[in-house]
Number of protein chains: 2
Amino acid sequence: MNTQPTEISLKPLYQQVRERLLLRLIDGDWIAGDVIPSEIQLARELGVSQGTVRKALDEMVRDNILRRKQGRGTFVASSEDAEFVFQFFRLQPDTGDRVMPASVVISVRREKANASVAQLLEITRGTEIVKIERVRSLNDRPVIAETVILVRALFEGFPSAPEVPNNLYNLYAKRWGIRIGRADERLKAGGASPIEAERLGCAPNTPLLRVERVARDLSNRAVELRLSNCLTDGLHYTSG
Amino acid sequence: MNTQPTEISLKPLYQQVRERLLLRLIDGDWIAGDVIPSEIQLARELGVSQGTVRKALDEMVRDNILRRKQGRGTFVASSEDAEFVFQFFRLQPDTGDRVMPASVVISVRREKANASVAQLLEITRGTEIVKIERVRSLNDRPVIAETVILVRALFEGFPSAPEVPNNLYNLYAKRWGIRIGRADERLKAGGASPIEAERLGCAPNTPLLRVERVARDLSNRAVELRLSNCLTDGLHYTSG
DNA sequence: CAGTGGTCTAGACCACTAT
DNA sequence: TAGTGGTCTAGACCACTGC
């Protein structure tokens, strides 16, 4: 049978399927927690074989966009799931427990992107941003002094400090339909500044683990820059 | 056709294929850089379909054990390849280049495992170990003070300091047939000790990125513990 | 029971590599 | 040209879920 679509196609069919499914996710046809149609239905809809759909879904599962549940169906991964949260939150007690962090927001401000922020978020210098400062705690102990920077145009009406929830990625998804799919991180060590020391209740110059994260949505657009400065006595960052 | 092997099998066929291929790698039937038999040959040898062999190979490629080259064949990943090296060496200049580190070995000693080393290497306390101390440089600048700890019984006749090469994983593979397949890392920040400060040419208490790595061979046995203490000005550790 | 994903087979054609 | 992996199809049976 003819395996070629009517037009000349540069990419393999299963990648085209993946992209079409991604578009439907981005458009909000399916939201977090939903079951998507079965492989056989998708195959019929898209005019390809079940095997091709399967290969596309396999990739999306590998990328944590979807989750399979045998006998039940394929689901859109939810930003409320522990698995999703810990995909990005990698600081944990040395004992190995996974503890959900709590957050206290210090400030939410409008600013303009300086050169380095602009470069990392792939925007032009001077673009309006939202800057959130908060302190995150594990087991009631403040351990992360964090700055979150967003492209303001993508997050219209961002709430003021008291209304900012703990799970930001869940907020992005629910409020603006922005799903974080990928995050690239760079780690360094550095001494705590006086402000960080005060927020974390440690001495100035205490060595902190500094994590610089650029988070991207499903269409691979940089939407958030996050600088996390972590105390690491009794805690560690898990790599891999 | 009957898809069941003669015996009752708990695991899927493709996982059994994967395990059989892994055994042949561990036994040294194929060594780094070799082409392994084609999918169709393996399928015939093992009495399964090409699709099943393919699924097993896919997993092994994903785990960086094999590499495919279209039109040429499937190869055993080599510990000399840049891709293999940078799978584990994740400290790089902020400019984004990938630079091969150089190493100067300070000492190679025999010791006995203390409680914490024993726990991480999954051996009993007091087991003989080899402890290698070295300093690694990027662009001629010393940036990592490193301690490597090996289970001595697995590395009989480990060379003395002047004969220790830069690429240890290549040495393990060539000399003892031990291939590193996985490494789990924990990261922390800490101030440089006087010894570290001297080795790295920095002030004592300079914040260092401390990476604790447990490396495992293809049968998932912990074989190496590595503590890397890194200067991170102008450099960063890449996560993911 | 019907429907889902999970595994497995068999066979086709394509793109790339080597000779 | 022959051989390799890469893609795609079609159809089978299994294991698990929920009604």
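So you know, we letter chains A, B, ... as the sequences are listed, proteins then strands, and number each from 1.
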Axial bend angle, the helix from C/dC1-D/dG18 to C/dA18-D/dT1: five-pair end segments, nearest 10° | 10°

How long is the line joining CZ of A/Arg54 and P of D/dC8, in whole Å?
-> 15 Å

Where the side chain of B/Pro12 is defined as all heavy atoms beyond and including C-beta, which of D/dC8, C/dT9, C/dT7 is the nearest nucleotide?
-> C/dT7

Calculate the interatomic distance between B/Leu42 atom CG and D/dT4 atom P; express it in whole Å.
-> 11 Å

Could you state the NZ-C1' distance from B/Lys69 to D/dG3, rounded to the nearest angstrom?
-> 17 Å

Separation of C/dA15 atom C1' from A/Lys11 atom NZ, nearest Å, is 18 Å

Between A/Asn166 (side chain) and A/Pro101 (backbone), is there a donor-acceptor pair under 3.5 Å?
-> yes

Would you kindly say whether B/Ser79 and B/Tyr172 are connected by a side-chain donor-acceptor distance under 3.5 Å?
-> no

Whole-Å distance, B/Glu39 CD to D/dA2 P, equals 21 Å

Protein-nucleic acid N or O pairs under 3.5 Å, nucleotides 16-19 of chain D:
unit_1	atom_1	unit_2	atom_2	d
D/dC16	O4'	A/Gln70	OE1	3.0
D/dG18	OP1	A/Arg72	NE	3.3

Could you give the distance from CG (B/Asn220) to CZ (B/Arg182), rounded to the nearest 0.5 Å?
-> 4.5 Å

Aromatic ring pairing A/Phe89/A/Phe86, orientation class (parallel under 30°, perpendicular over 60°, tilted between) | tilted

When rounded to whole Å, the CD to C1' distance for the pair A/Gln50 and C/dG6 reads 10 Å

Return the orientation label for the B/Phe84 and B/Phe88 ring planes: parallel under 30°, perpendicular over 60°, tilted otherwise.
-> perpendicular

Can you find a side chain N or O atom of B/Ser49 that sits less than 4.0 Å from OP1 or OP2 on C/dA10?
-> no

When the ring planes of B/Trp176 and B/Phe158 are compared, do they come out parallel, tilted or perpendicular, using 30° and 60° as the limits?
-> parallel

Could you state the atom-to-atom distance from OH of A/Tyr14 to C1' of C/dC13 in whole Å?
-> 16 Å

Between D/dT4 and B/Ser38, is there an OP1 or OP2 to side-chain N/O distance shorter than 4.0 Å?
-> yes

Rounded distance (Å) that lies between atom C1' of D/dG5 and atom CZ of B/Arg68 | 7 Å

Could you list the donor-acceptor pairs under 3.5 angstrom formed by side chains in residues 28-38 of chain B, with sequence neighbours left out?
unit_1	atom_1	unit_2	atom_2	d
B/Asp34	OD2	B/Ile31	N	3.1
B/Ser38	OG	B/Gln41	N	3.3

